[in-house]
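See below for the structure under consideration.
Each chain gets a letter, A, B and so on, in the order the sequences are listed, and its residues count up from 1.
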Number of protein chains: 2
Amino acid sequence: MGRPRQFDPDAAIDSAMDLFWRKGFTDTTPQDLAAELGIGKGSLYNTFASKRALFDLALRRYVDLRAAGVTATLDQPGTARERLRAALRRLADADATLTSRGCLAVNTAVELAGTDEDATRTVRQLFDRLEGAFRTVIEEGQASGEIAAGRDPGQLAALVLTSFLGMSVLAKTTDADRIRHTIDAVLATL
Amino acid sequence: MGRPRQFDPDAAIDSAMDLFWRKGFTDTTPQDLAAELGIGKGSLYNTFASKRALFDLALRRYVDLRAAGVTATLDQPGTARERLRAALRRLADADATLTSRGCLAVNTAVELAGTDEDATRTVRQLFDRLEGAFRTVIEEGQASGEIAAGRDPGQLAALVLTSFLGMSVLAKTTDADRIRHTIDAVLATL
DNA sequence: TTGATTCTGTACCTAGCGGTCAAGAATCGC
DNA sequence: GCGATTCTTGACCGCTAGGTACAGAATCAA
């Protein structure tokens, strides 16, 4: 009972994710959030405990979305190489475009790691999931003879992950073309 | 004439660089800076136009220090591979240690790119300088037969740069050991 | 000395932050 | 219809940010 909520909290988290993604945690104010969600500040704080709590939900959603997106792409049919390229493209496109906001997880790592253990853990979780997914495809590629079997798949996966993180940084200072070239460079080494 | 300044502005920039490096631009307050430099806020603003202007000086200094350090390491005697490893180690050690503050340029790219064209340019300058230096060593390695000559040196240099940026991000969430492993992974692909 | 000049510390200013609260509006069970 | 309950709006609050003003302290030229 009681007055029904006049907005969808779930959609609100999506919008909040978008804002935090574009502006970062610190530079996003409660005003900004309320305006973006189209609600009053009171409703915001009535539904979410604090700016920080909302950010947590948004970050978790981002991590789930990314992880799911990448594994889905990697599970598509095709050679290991093709699937890896598609996955990196997908990540890069989602992150690099739209005023080059980069990757929320990377942005958060840089902004909050060291001061916020919770956020750091969530970010690390995404990194680990991505690395694990990369490793699986690489091993498949090695099994099919498509990728040289001599090299440690864990090492290769670490390289791919690190390159992706680097691309997310690069995306903030350069154009999408350079990102695509970098993807080529990564795949050429496998 | 007039009362002589009671602190060294040059040393002040160094201290400021250190603070900005650890806490980021937004989270560093004029109070913090004055305290760290051991001077009053009045002196701070009498010497430097604004927090932003001080940051600019600090960032430029960082860029010069890094660029000089890397080229110096790469100019040392040794094989191309050895020199590259030393350079990456040096970068990683300077950036990863000490409460894992990462790389000031990377941090700045993530925090300020998109809203601050000046800072973005300065950061991009460092990235370009690093990539250029990497490329030179790689070409030397190819000439001496130490690195496979078949691959585009520009592509390899882009890969090394991107990996370094990725490591700077990773450094904020993981321990130094993982960074060292990643360096190995990068060198193994050359 | 005295003045002109430039530094120094501290009090102060305005704006905006993250967050709270009171008054009213919807909904429900009865 | 009437409470009880929960949401919504918008005014409000304490605090700190980035920055300024000002009175005093050093210096130098004359």
Quiz prompt | A:Ser144: partners by side-chain contact (heavy atoms from CB on, under 4.5 Å), with sequence neighbours left out | solution =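 Checked A:Ser144 against side-chain contact (heavy atoms from CB on, under 4.5 Å); matches are A:Glu146.
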Self-check item: Where B:Tyr45 and B:Ser50 come nearest, the two heavy atoms and their spacing
Solution: CE2-CA, 3.9 Å
Quiz item: What integer distance in Å separates A:Leu33:CG from C:dG16:P?
Solution: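 So the CG-P distance, A:Leu33 to C:dG16, works out to 17 Å.
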Exercise. Flag the pair A:Asp175 and A:Arg178 as a salt bridge only when some basic side-chain nitrogen lies within less than 4.0 angstrom of an acidic carboxylate oxygen.
Key: no
Quiz item: In terms of side-chain geometry, is the basic nitrogen of A:Asp32 or A:Lys51 positioned less than 4.0 Å from the acidic oxygen of its partner?
Solution: no
Quiz prompt | Contact state string [nucleotides 7-18 of chain D, B base, S sugar-phosphate only, - no protein heavy atom under 4.0 Å] | solution = BBBB------SB
Quiz item: Does A:Arg129 have any salt bridge (charged side-chain N to carboxylate O under 4.0 Å, His left out) partners at least two apart in sequence or in another chain, and if so, which?
Solution: A:Asp64
